[in-house]
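Let me begin by presenting the structure, written as C-alpha cells, before commenting on it.
Every number for a ligand or one of its atoms is a count from 1 in the order of the listing.
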Amino acid sequence: MAAPNIETITSLAKRRGFVFPSSEIYGGLGSAWDYGPLGVELSNNLKQAWWRWMVHERDDMEGIDSSIIMNRLVWKYSGHEETFSDPLVDCRDCKARLRADKLNYPAQDTRSIEEAIKQRAVQCPNCGSTDLTEPRPFNLMFRTAIGAASAEDDPSVLAYLRPETAQGIFINFLNVLTTSRRKLPFGIAQIGKSFRNEVTPGNFIFRTREFEQMEMEYFVRPGEDERVHQEWIDACFNWYLGLGLSAENLRFYEQPKEELAHYAKRTVDIHYRYFPEREDDERQWDELMGIANRTDFDLRAHSKKPEDAEGKRLNPDSTEDLSYFDEATKERFYPYVIEPAAGVNRSALAFLMDAYTEKINDKGEKRVVLKLHPHLAPIKVAVLPLAKNRPEIVQMAKDIKRTLQPAMRAVYDDTGGIGKLYARQDEIGTPFCVTIDHQSLEDEAVTVRDRDTWEQQRIKVADLREHLQKQLQVTSDK
Ligand code: GAP
C-alpha cells in the first residue's frame, strides 16, 4: 500500500510535525514550507544516506559545498541567462498564470501550442476560457543585488540565487582536480539549496520555489559517456529501491529530444507515482530525479581558451581552461559529464507516500503505520514507561533513553496510555518502541515492540543498545 494521494501526506505531515506551511501566522506564502522536528530529521537522514552512498562508500568521489550566490558570469556562460525559462501564458478572463508546455492539449493535434492558443483551441484549466495571451519566455532565476544598490540603477550589481547546485561543481573542477590529484573517471557531489521562480509551484513539497538538490557530476573520457550514463541510471534506480520505494511506483522516463535541457545529449528521469488518484495512468507519474549526459558543454563553456578545435572563440571572461590532461596518453580534452540530480524534497515526499500504510488493530480501529526504512525514520526508538505513577519505572525509562541517545535518535514519552503511545510512534515511522513495566524493575529486562509486525520481544537492558543497533542495521541491509 502507499498513500492514496498527496493530500493524505500533507495533512499527516502537518498534524505530526514533519512539514508546516511557511509564514502561516501571516497567511502563508504560496509554495513555501518549513520542516518541523520530524521533517528535519527525515530530510537529514535522507541526505546522509545519499552522501554515504554517493561519497563515502566509493573510491572515486569528492564532495564540495559551494556558495548560493555566485558571479553573474557563471549563469551567463552556463546558458541559464538566455535559456532557463518557461513559456508563460496569462488567462485574460481569470488572470491565472499558466505554463504553456503544461496546458492540456490533444496529442494528435499537430498545431504548435502558439498556433493553437492563437486559434483559441486551448482552454484555461482554471476557468475554461480560451482567451489566452501568446506564450512568452519567463526566466526562472531569482534576481538579487549585491551591496547597497539596486540592479535597476546599476546592472553591475545584478546577481542570481543559483537554480541548480551543478554550476558550483563545474567552476570548481580545477580546484578539486588539483587538490585531490584525481584521475578520470571521478565525481564531485554536492547537496544544497536551489531556487527557481516557478510559474506553477504546487502539490505540497513537490514543486516549490526554494528546494534542495543532491547532485553529482561524474567526469569521464568522451566515448565512455554513454556506458557510464547507463550505469548511473541503473544505480540511482536501485538506490531508491534499496531505501524501500516499491518497484511498481517507480519507472524510467526517456526525455524526448524536444524536452532536453540546452546542455543535454540524453536524459533519463526516474518517475514516481505521485498522483495515484488520477484516472489517466500517464498523469499519475512525475519526475523524482533526472540523470543527464551533459557532454562537455559546461566545462567548455566556462573555459578561457581563446579558440576551440573548430576555431570558435570560447569564454573571454574566464581566467581558466577547464580541460583535462591525461598523463598516460598525453592527450588534453574536455571530460564528458554524467549528472545524477535528485531533489531532497521530492525524494522525501516519495518516501513518505510509499511508506504510508493503514492497518486494523484487534479492536477494529484503523491505524496509520509509516513503514519508513529505518535509516530514514526520524526517530529510531521510543522509550515508554507503562506506569507513569511509579517513579522507579519512570526513572528507569529515562535512564534507558539516555543510554540509547548517543547511538540513535531516541525519545521518551509518557503522555498517554500505551495503545495511544504505540499508535503515535507507528504514525511517524518509529521502528521500535521499548516499554518498561513493573517486571522490568525485578528482571532488568524490557519489551521491544516492532513497528511493522507489532510483535514483542523481551530483551535484557544490558543488551538493549546492541540489540537495537543490530536490528536497525539488519533491517536496513535487506
Ligand atoms: N542540474 C540539473 C538539474 O537541476 P533538474 O531536473 O532541473 O536538473 C533536478 O532538477 C531535480 O531537482 C529534479 O528531479 C527534482 O527532484 C528537483 N527539483 C527541480 N526543481 C524543483 C522544484 N521547483 N521543487 C522541488 N524540487 C525540484
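- Residue K14 qualifies as open at atom NZ: its count of foreign heavy atoms under 6.0 Å is 12 or below.
- Ligand 1 lies out of reach of F84, whose nearest heavy atom is not under 4.0 Å from it.
- For ligand 1, the polar-atom distance check against G343 finds a nitrogen or oxygen pair separated by under 3.5 Å.
- Of the candidates Q255, E198, E215, E217, E215 brings a heavy atom nearest to atom 3 (C) of ligand 1.
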For this session: Before giving the answer on side chain to side chain donor-acceptor pair (under 3.5 Å), spell out for T295 and Y334 the whole-Å C-alpha distance, their side-chain angles and the decisive distance to 0.1 Å.
Result: CA-CA 9 Å; T295 69; Y334 293 96; over 6 Å; no
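- Checking E164, E339, R207, R196 against atom 5 (P) of ligand 1, the nearest heavy atom belongs to R196.
- Using a cut-off of 4.0 Å between Lys/Arg side-chain N and Asp/Glu carboxylate O, D86 and R99 are scored as salt-bridged.
- Distances from atom 16 (O) of ligand 1 to the heavy atoms of D286, L288, D269 put L288 nearest.
- Below 3.5 Å of separation, one finds no N or O of N345 facing any N or O of ligand 1.
- A donor-acceptor pair shorter than 3.5 Å can be found between the side chains of Q167 and H302.
- Remark: ligand 1 and Q213 share an N or O pair separated by less than 3.5 Å (distance only, no angle test).
- For the side-chain hydrogen bond (donor to acceptor under 3.5 Å, both in side chains) test with S347, the passing option among W50, Y272, Y240 is Y240; the others fail.
- Regarding atom 24 (N) of ligand 1, its nearest protein heavy-atom neighbour is T208 N, 3.1 Å.
- Of all atoms in ligand 1, numbered sequentially from 1 with element shown, those under 4.0 Å from a heavy atom of R294 are 1 (N), 2 (C).
- Protein heavy atom nearest atom 18 (N) of ligand 1, with residue, atom name and distance: F211 CE1, 3.5 Å.
- Of the charged side-chain nitrogens involved, none lies within less than 4.0 Å of a carboxylate oxygen, so that D90 and K95 do not count as a salt-bridged pair.
- Among protein heavy atoms, atom 14 (O) of ligand 1 sits closest to E287 OE2, 2.5 Å.
- Of all heavy-atom pairs spanning E358 and Y356, the tightest one is OE2-OH, 2.8 Å.
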